[in-house]
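To start, the structure under review is shown below, and the notes come after it.
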Amino acid sequence: MKNLLKTKTLSLIILLIGVSFNSISAEKVEYLKTDWSFKGLFGKFDRGALQRGYQVYTEVCSSCHSMKYVSYRNLAEKGGPEFTEAQAKAIAASFEVIDGPNEDGEMFTRPGKLSDKFVMPYENVKAAQAANGGAYPPDMSVLVKARGGGANYIYSLLQGYEDPPIGVTLDEGVHYNKYMYGNKIKMSNPLSDGLVEYNDGTKATIEQMSKDVTTFLMWTAEPHLEARHQMGFKAIVYLIILTVLVYFSMKRIWSRIETEV
Amino acid sequence: MSDHEYTPKSKFGKWFNDRLPLLSLASHLTDYPTPKNLNYWWTFGGILTFCLITQIVTGLTLAMHYIAHADMAFESVEHIMRDVNYGWLIRYIHANGASMFFLAVYIHIFRSLFYGSYKSPREIIWILGIIIYLLMMAAAFMGYVLPWGQMSFWGATVITNLFSAIPLVGEGIVTWLWGGYSVDNPTLTRFFTLHYLIPFLILGLVVLHIWALHVPGNNNPVGIDIKKPSKDTVPFHPYIVIKDGFALLMFMIVFAFFVFYTPNILGHADNYIEANPLVTPAHIVPEWYLLPFYAILRSVPDKLLGVVAMLSAILILAALPWLDTSKIRSAVFRPLYKQFYWILVADVLILGYVGAMPAEGLYLLIARVATAYYFLHFLVILPVLGFKEKTLPIPLSITEPVLGGSSNLATAKNKEGLNN
């Protein structure tokens, strides 16, 4: 009786797990994968990829996508693209920022400063929608964390544009992307080979640009990732050493009475 | 509580202790006789205290930088993550700390279920625990709303809407809870206020929970009453302190791994999208620790009955000391209960799993069977088992388990009396 009950429960659980895994894998597409520099216990950002990724973002994405939580000063901070302060200042100054009101009560424009947030392509969500056929290009500051598949999803999506399969009709202004939820996306294919010209001589293939800009987006979403990994390693090593020491103290204390601990 | 007299050595100590017996309390806590056979499942009480304090300290720090306003909450969280010194660390500890808190509390509850710790004379400890658990769920739910992401907003909408199932006054109650006609800024500010308040209520209840524990003393894996102090007990300090400390450090390693290496894995990606009342997420799911109850809620076709079932699933636990009719506490000596215990564990895990899946087809069917079994366990199996089950002989004391020969607690006690 006991064994029967056990076997029954076990087989029920195994059955359920089997069913669920099947249904999950049926729904999800496999995302493209690549060797992200920021993965793993010691993962750090590839500086070159971050700087190239910033270039792709500025020259391509930023015409529609805002990045409202990131400041120009962040570009020169440790753990980021680590542009020099002079470079970051020059980048900031290349943007026009609306400031004010001044003493006359007027708004005015001035060159950007390090303390400014990234200038937004549109004044508000409505303006962004109006310019993009009703679809709002999402703010990119935390985009990688706001999508289930994370970096792999963004990386795949950028390379997922295809002609629609036979039988699928698309409305005007809608594109087919095999990694997009429902396969229909309002953003047209943003990348093409050689679209940007990298200063460091890296060949600007679609794959390379996708990887660089995704790395950059990972950094904007998690600007303290490197500090987190470094501190995490130290914290865990410290905890393990302390745990071992406390374990032996415990053994010693409990040896005063005969009980196993 | 004062089962032994303590006299401070110094004159000032004596003077002070006569007026406020803090030193007597400290002495009671260090000498507190604890069964020496407590296993590692008993260390989660200490771990939970650590979790509560961690949540309060990190929460206070976050509250210094957070702005409870529908237009600024999301941005202020990003400000914490980016510009506040170690803000990312504090927020990730707080967010993952909630999950760690629930992980620990579930182990603590299921330990109690296995060893029958809720039985006489510990019913009040158990009921205080259930109230703490309810408050924890309220605090966690409201805390999840504060970042004002998509899951915050829609989770709040779904859960508050449950009150509309109450006949006649339901709609009015929902409007009253929201402070308006939808989840909006007034909802956020009151949730923030309550989220700030509840942990201190929990802290007060934890003091009562421990106080109530110190009256009969700890249950133990053998589940028998022991004489205190005796050769079956050890003083709380240093024996239990060091053991709890060791277990806490192990727990902290797991905690640190989540905080530093996978800080967002237990959250939902949609909560990094700012709340938008016009866009409903494809699937609205609560945090993992609420999933079993979410599954019970959705498994009942009628809204009101669903809410009743969900609440009953929690409140039924409060009646557990009286639903379980067996005189034997520990499952170690209850061969049949042990089986049903593990089936219940599996049942709750299954409920948690289907709670995360869409409520349709096979998932819905499984959720219904698992819900029915959950109630069957508490309302039928436990009461009947107490009468039908043939229990194993229980030992007379912890130190002499092999000498036990009697089949129930009463005769064991009589024998103990005879031996003395």
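Because the structure is a prediction, the values reported are computed rather than measured. Letters A, B, ... mirror the listed sequences (proteins, then strands); counts begin at 1.
With respect to chain B, the highest number of heavy-atom pairs below 4.5 Å among A/R256, A/K145, A/E222 belongs to A/K145. Residue with the most contacts toward chain A among B/P263, B/A282, B/G149: B/P263 (heavy-atom pairs, distance under 4.5 Å). Options B/L38, B/I273, B/I253 differ in how many heavy-atom pairs under 4.5 Å they form with chain A, and the most are formed by B/I253.
B/K243 and A/M250 get closest at one heavy-atom pair: CA-SD, 3.6 Å. The minimum heavy-atom distance between B/I242 and A/S249, with the atom names listed, is CD1-CB, 3.9 Å. B/F74 and A/V142 make their closest contact through CZ-CG2, 4.4 Å (heavy atoms, listed as atom of the first residue, atom of the second, distance). A/H224 and B/R82 get closest at one heavy-atom pair: NE2-O, 2.8 Å. Counting all heavy atoms, side chain and backbone alike, B/Y261 lies closest to A/F233 at OH-N, 3.2 Å. For the pair A/V246 and B/G245, the tightest heavy-atom approach, listed with the atom from each and the gap, is CG1-C, 4.4 Å.
Between the side chain of A/W254 and the backbone N or O of B/Y239 there is at least one donor-acceptor pair closer than 3.5 Å. In this structure a side-chain-to-backbone donor-acceptor pair under 3.5 Å is missing from B/Y272 to A/A221.
Interface residue A/S141: backbone and side-chain heavy atoms are both found under 4.5 Å from chain B. Using a 4.5 Å cut-off between heavy atoms, B/Q150 does not touch chain A at all. Using a 4.5 Å cut-off between heavy atoms, B/V259 touches chain A through its backbone atoms (N, CA, C, O) alone. Both the backbone and the side chain of A/L41 come within contact range of chain B, judged by heavy atoms closer than 4.5 Å. Heavy-atom distances place no part of A/E77 under 4.5 Å from chain B, backbone and side chain included. Only the side chain of B/L89 has a heavy atom closer than 4.5 Å to any heavy atom of chain A.
For an aromatic pair to be called close, the ring centres must be under 6.0 Å apart, and B/F260 with A/H229 fails this.
More than 12 heavy atoms of other residues, nucleotides or ligands sit less than 6.0 Å from atom CH2 of B/W288. Around NZ of A/K113, the count of heavy atoms belonging to other residues, nucleotides or ligands within 6.0 Å does not exceed 12. Within 6.0 Å of CG in B/N85 there are 12 or fewer heavy atoms belonging to other residues, nucleotides or ligands. For A/M180, the CE atom sits in a packed shell: over 12 heavy atoms of surrounding residues, nucleotides or ligands are nearer than 6.0 Å. Heavy atoms of other residues, nucleotides or ligands lying less than 6.0 angstrom from CD of A/E85 number 12 at most.
How far CD of B/E78 is from NZ of A/K68: 10.0 Å, rounded to the nearest 0.5 Å. Separating the CD1 atom in A/I236 from the CZ atom in B/F255 is a distance of 12.0 Å, to the nearest 0.5 Å.
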Using a 3.5 Å cut-off and no angle test, enumerate the donor-acceptor pairs between side-chain atoms of residues 237-245 of chain A and protein atoms at least two apart in sequence or in another chain.
{"residue": "A/T243", "atom": "OG1", "partner": "A/L239", "partner atom": "O", "Å": "2.5"}

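By the 4.5 Å heavy-atom criterion applied to side chains, B/M81 and A/Y69 are not counted as neighbours.
Between A/R73 and B/D83, at least one side-chain N (NZ, or NE/NH1/NH2) sits under 4.0 Å from a carboxylate O, which counts as a salt bridge.
Judged as a side-chain hydrogen bond (donor to acceptor under 3.5 Å, both in side chains), and not counting sequence neighbours, the contacts of A/S66 are A/D139.
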